[in-house]
Structure formats: structure tokens, C-alpha cells
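Let me begin by presenting the structure, written as C-alpha cells, before commenting on it.
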Amino acid sequence: CRIQRCNAEYVASTSPSSGLQEDAALDVDYCIALRAYALCTRRQARSCRGDLVYHSAVFRIKELFSQHNCSSDGPTSSAKVPSTSRPAVSELCDYENRVLMSGSAGQQKKYAHCGLFGD
Amino acid sequence: PHLRTFRDEFQTCKVEGAWPLIDNRFLSVQVTNVPVVLGSSATATSKITVIFKSYHGCTDQKVYQATTDDLPLAFQDGTRSGGESGSLTIVERGGSGVGRQVKIQARYIGTSIIVRRVGSYLTFAIRMPEDTLDFSEDNGGLQLCLHGCPRNELIKEHTLGRQSQQPRVQGTSTELGPLRPPHQVYTVERATAKCRETLQVEDVYFQSCVFDLLTTGDPEFSMAAYGALEDLKALPPSKLKQNSPRTPRLSNRGVSHAAAAAA
């Protein structure tokens with residue numbers, strides 16, 4: 001169970017030094033960070049089934065979505081998004097751009113293929 | 001149909017009726033497969049439905065549906081794109097490709113889809129970033145692209161061998177899919193020659209081609225295998241794992257033996 005890692009990433013992405021504040025209601029960047037946190041916890045669902053910290057995080061995330069009026073669908077980012085250079089919608093709606101913005105440009109993104117054909 | 005999963009596993013399945021290929025928070029893909037010949041459990045795809053789920057600020061929910069009779073160049077609402085920045089678009093693929101092809105580009109999730117109509121059936125290919133897939137997702141395990149086909153839906157060599165005792169009769173009922181003229185009977189040698197003509201490299205796609213010709217006698221299926229290989233090249237996984245000739249990494253290893261038995 002790696003819920004602590006999710007917590008740490010979320011704290012890092014919402015810390016004052018990242019340019020984000022939890023009380024910045026309706027902040028697009030904050031919602032991105034929150035969605036990333038939610039995604040990270042979802043991925044731990046199986047391994048953290050019996051972990052209290054995990055269940056607390058799930059509960060808290062639900063509350064935060066509601067408090068900040070964040071939609072659960074939308075872009076996520078696993079890294080800091082500086083609010084001073086907020087990206088345009090067209091950039092946020094481009095996966096490749098988001099990868100570049102999240103600072104993992106040097107790290108090649110992996111793609112998977114699925115195909116169905118014939119009889 | 002033949003399935004190449006996100007994990008690069010290769011399977012041949014029955015999966016008759018409607019089955020989910022993908023179902024996550026970004027999109028759902030469902031296919032409908034119908035039997036192609038009497039006396040065989042082999043099926044082919046007659047309908048594909050893709051639901052692009054609403055993605056805040058980028059696109060509203062859009063539904064794309066293709067059938068054997070209709071491969072539209074638009075979503076069900078008549079539009080060809082979603083979102084202001086063109087983050088979801090449909091284009092027709094041209095060139096020297098096999099059959100009619102439609103490519104759907106979902107830039108906001110880094111995903112591309114190719115749907116083809118080859119002969120009387122459809123083929124499907126998708127490329128998605130691995131970080132948008134959740135392999136640990138536990139929703140009944142029914143996502144063929146993620147987890148492959150359930151065991152009891154796999155077509156295995158022993159099953160084929162037993163079925164091969166019965167002569168294959170071409171389906172003529174609409175219940176079995178589109179009406180098709182009777183096809184020729186292929187021997188292993190003729191099927192192999194035909195597939196070699198189309199595919200050249202003897203990999204899993206080649207073996208699928210031989211299997212399909214022996215099962216149906218329909219030469220269009222060799223073009224479906226060729227199209228699927230072209231789609232793999234157009235939408236490659238990061239680490240392209242092409243199998244070396246005659247040493248396939250098949251889940252249903254030994255398709256060629258099964259095909260020979262069927263003949």
C-alpha cells in the first residue's frame with residue numbers, strides 16, 4: 001500500500017511554494033491536483049483495502065471535491081502546476097502538452113496498443 | 001475475433017454478443033460479435049460503440065458507433081469534433097489502406113482509434129497512454145483489452161480439433177450475421193500461400209490469417225489481418241513487441257497446428 005506517496009504528492013502540489021492554496025476555491029490548478037490525488041488513491045484501492053490512512057484519504061478527497069466545487073472528470077497532473085503560468089485550455093486539452101508541463105518531458109511516456117480483428 | 005491486449009498478449013476468442021473492450025473514466029468501448037460460419041464458434045465483429053466520456057473543459061460526452069452497414073465519419077450527434085480546441089476529432093484515413101477506415105483522435109487523453117470495415121466485418125485498434133489505464137481496476141474483469149478474454153471464451157487447439165470433425169457450412173441466416181456468398185474451401189497449403197502473399201512475415205497476424213481462411217474460406221479475412229498489422233504500425237505501443245517468425249508468443253499457442261487440424 002503506497003497511500004503515503006499519494007499523500008506526499010498531493011501535499012507537494014498544493015503547498016504554498018507550488019503557488020497553490022487549498023482555500024483557493026474554484027481554482028483550476030487546485031482541481032487538477034485534487035484529481036491527481038484521487039487517481040493516485042484509486043490506484044491503491046486493492047493494495048490498501050484494509051488501510052485506515054487510505055480510507056481517510058478517500059473520505060477527505062470526496063469532501064474536498066465538494067468543498068472546492070471540483071469536477072471529478074478533467075485533466076490530472078502528477079506534478080506541480082505553477083499558478084503563475086497557468087496554461088491555456090488548448091494546452092490542458094492536449095495530453096502531450098500536459099506531460100511536458102508536468103515536467104516529465106525527459107521521461108518518455110509509454111503507450112499501449114489493443115487490437116481486435118478477424119474471426 | 002483475434003485480440004491483441006494492452007499487455008501484448010494475443011488471443012483468439014468466441015466472445016459472441018456484446019462485450020466491453022475498455023471501460024474506464026475516460027472512455028468505454030463495446031463490441032458486438034456474431035458467428036461467421038455454422039459448426040464453428042468463431043465470431044467476427046459487427047458493431048463497435050465508443051463512448052468518449054465528458055472531460056471537463058475539453059469535450060462533452062460523444063458517442064461513436066460503427067456497424068457493418070455503416071462506418072460513419074461523425075459522432076452520433078452528427079458532429080465531427082468535440083471541444084473548442086479540437087481535442088476530439090474524426091477523420092477518414094485514405095491511402096493504400098485496406099477497406100474503409102476512420103481514425104478518431106482524442107488529444108486530451110493522448111488516445112487514437114482506428115476502425116476499419118474489411119469485407120463484411122469491422123476491425124478495431126487503439127493506442128492509449130499507459131498512465132490512463134488502470135490495470136488494477138476490478139470491475140468484474142470484463143475489459144477484453146485490459147484483461148483478455150475469459151478462459152471459457154478462448155478458442156483453443158483441442159476445441160478446434162474436435163470441431164474440425166464437422167464440415168464447415170457457411171452461414172446463410174441473418175441471425176448469424178450478414179448474408180454472404182458461399183466461399184471456397186482452403187487447404188492449409190492454399191491458406192498459407194494466400195496469407196504469405198498478403199502478410200509476408202510469418203508472425204501471429206499471419207497465423208490468425210491462416211486460421212481465418214481455414215475457418216471461413218473468406219479471403220477478406222486475410223485483408224483484415226493485414227489491416228490490423230498496419231494499425232499496429234500506425235498506433236504502436238512504446239515497446240513494440242513483434243514476434244519472431246514461427247516462434248509466436250501466443251496465449252493460444254499453436255494456432256497453426258490447430259488450423260492444420262481443422263483442415
Side-chain angles (χ1 to χ4, degrees), chain A residues 1-2 9 26-32 34-36 38-49 54 65 68-79 86-102 104 107-119, chain B residues 1-8 21-22 25 31 36-37 42-45 53-59 83-85 87 107-111 116 118 121 123-131 133-134 136 138 144-145 208-209 211-212 215-216 221 224-225 227-228 231-232 235-239:
Chain A
C1 175
R2 300 169 80 181
E9 281 177 4
L26 293 172
D27 189 317
V28 174
D29 293 342
Y30 176 71
C31 291
I32 289 172
L34 190 56
R35 277 193 291 268
L39 178 64
C40 186
T41 54
R42 264 203 303 276
R43 286 181 172 156
Q44 305 300 324
R46 192 173 276 181
S47 53
C48 296
R49 195 171 284 167
Y54 162 78
F65 265 113
H68 295 280
N69 205 15
C70 291
S71 164
S72 59
D73 59 69
T76 56
S77 171
S78 54
R86 183 171 294 172
V89 173
S90 59
E91 287 172 333
L92 281 175
C93 293
D94 186 325
Y95 174 82
E96 301 276 348
N97 260 334
R98 285 203 308 275
V99 170
L100 286 173
M101 287 190 315
S102 71
S104 51
Q107 203 180 318
Q108 202 197 347
K109 279 283 165 191
K110 287 183 182 171
Y111 287 88
H113 174 101
C114 175
L116 187 76
F117 67 99
D119 80 73
Chain B
H2 306 288
L3 172 73
R4 184 189 183 113
T5 70
F6 283 132
R7 289 189 169 100
D8 288 327
L21 285 186
I22 300 166
R25 63 200 186 98
V31 292
V36 282
V37 282
T43 66
T45 304
K53 296 179 183 174
S54 168
Y55 195 84
H56 193 67
C58 297
T59 184
E84 288 172 19
S85 51
S87 51
R107 276 202 307 143
Y108 62 101
I109 46 174
T111 299
R116 291 174 188 253
V118 188
Y121 299 102
T123 71
F124 173 86
I126 187 167
R127 182 188 197 236
M128 283 188 86
E130 276 187 354
D131 62 7
L133 300 169
D134 192 351
S136 66
D138 189 11
L144 303 187
C145 277
S208 302
C209 172
F211 176 98
D212 289 356
T215 309
T216 65
F221 281 113
D231 292 345
L232 178 69
L235 309 176
S238 296
K239 288 174 187 168

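Chain identifiers are assigned alphabetically (A, B, ...) following the order of the sequence lines, protein sequences preceding nucleic acid strands; residue numbering begins at 1 within each chain.
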Exercise for the section: Could you look at Ser72(A) and say if it's the side chain, the backbone, both or neither that has a heavy atom under 4.5 Å from chain B? Expected result: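 Interface part for Ser72(A): backbone (N, CA, C, O).
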Practice task
Might you work through the side-chain contact (heavy atoms from CB on, under 4.5 Å) test for Cys114(A) and Leu144(B), ending with a clear yes or no?
Solution key: CA-CA 9 Å; Cys114(A) 175; Leu144(B) 303 187; over 6 Å; no
I'd like to check [X] versus [Y] (side-chain heavy atoms, cut-off strictly below 4.5 Å). Are they in contact?
X	Y	result
Asp119(A)	Tyr121(B)	no
Pro236(B)	Tyr111(A)	no
Asp73(A)	Arg25(B)	no
Val31(B)	Leu116(A)	yes

Where does [X] contact chain A at under 4.5 Å (heavy atoms): side chain, backbone, both or neither?
X	answer
Ile22(B)	neither
Ile109(B)	backbone
Ser54(B)	both

Closest heavy-atom pair and its distance - [X], [Y]:
X	Y	result
Ala224(B)	Gly118(A)	CB-N, 4.2 Å
Tyr108(B)	Tyr95(A)	O-CB, 3.9 Å
Leu235(B)	His113(A)	O-ND1, 2.7 Å
Ala112(A)	Phe6(B)	CB-CD2, 3.4 Å

Problem - For Asp131(B), salt bridge (Lys or Arg N to Asp or Glu O under 4.0 Å) partners two or more places apart - result: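 Expected list: Lys109(A).
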Exercise for the section: Any chance you could measure Ser87(B), atom OG, to Asp94(A), atom CG, to the nearest 0.5 Å? Expected result: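 One finds 9.0 Å between OG of Ser87(B) and CG of Asp94(A).
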Practice task
Determine, stepwise, if the pair Val118(B) / Phe117(A) fulfils side-chain contact (heavy atoms from CB on, under 4.5 Å).
Solution key: CA-CA 9 Å; Val118(B) 188; Phe117(A) 67 99; over 6 Å; no
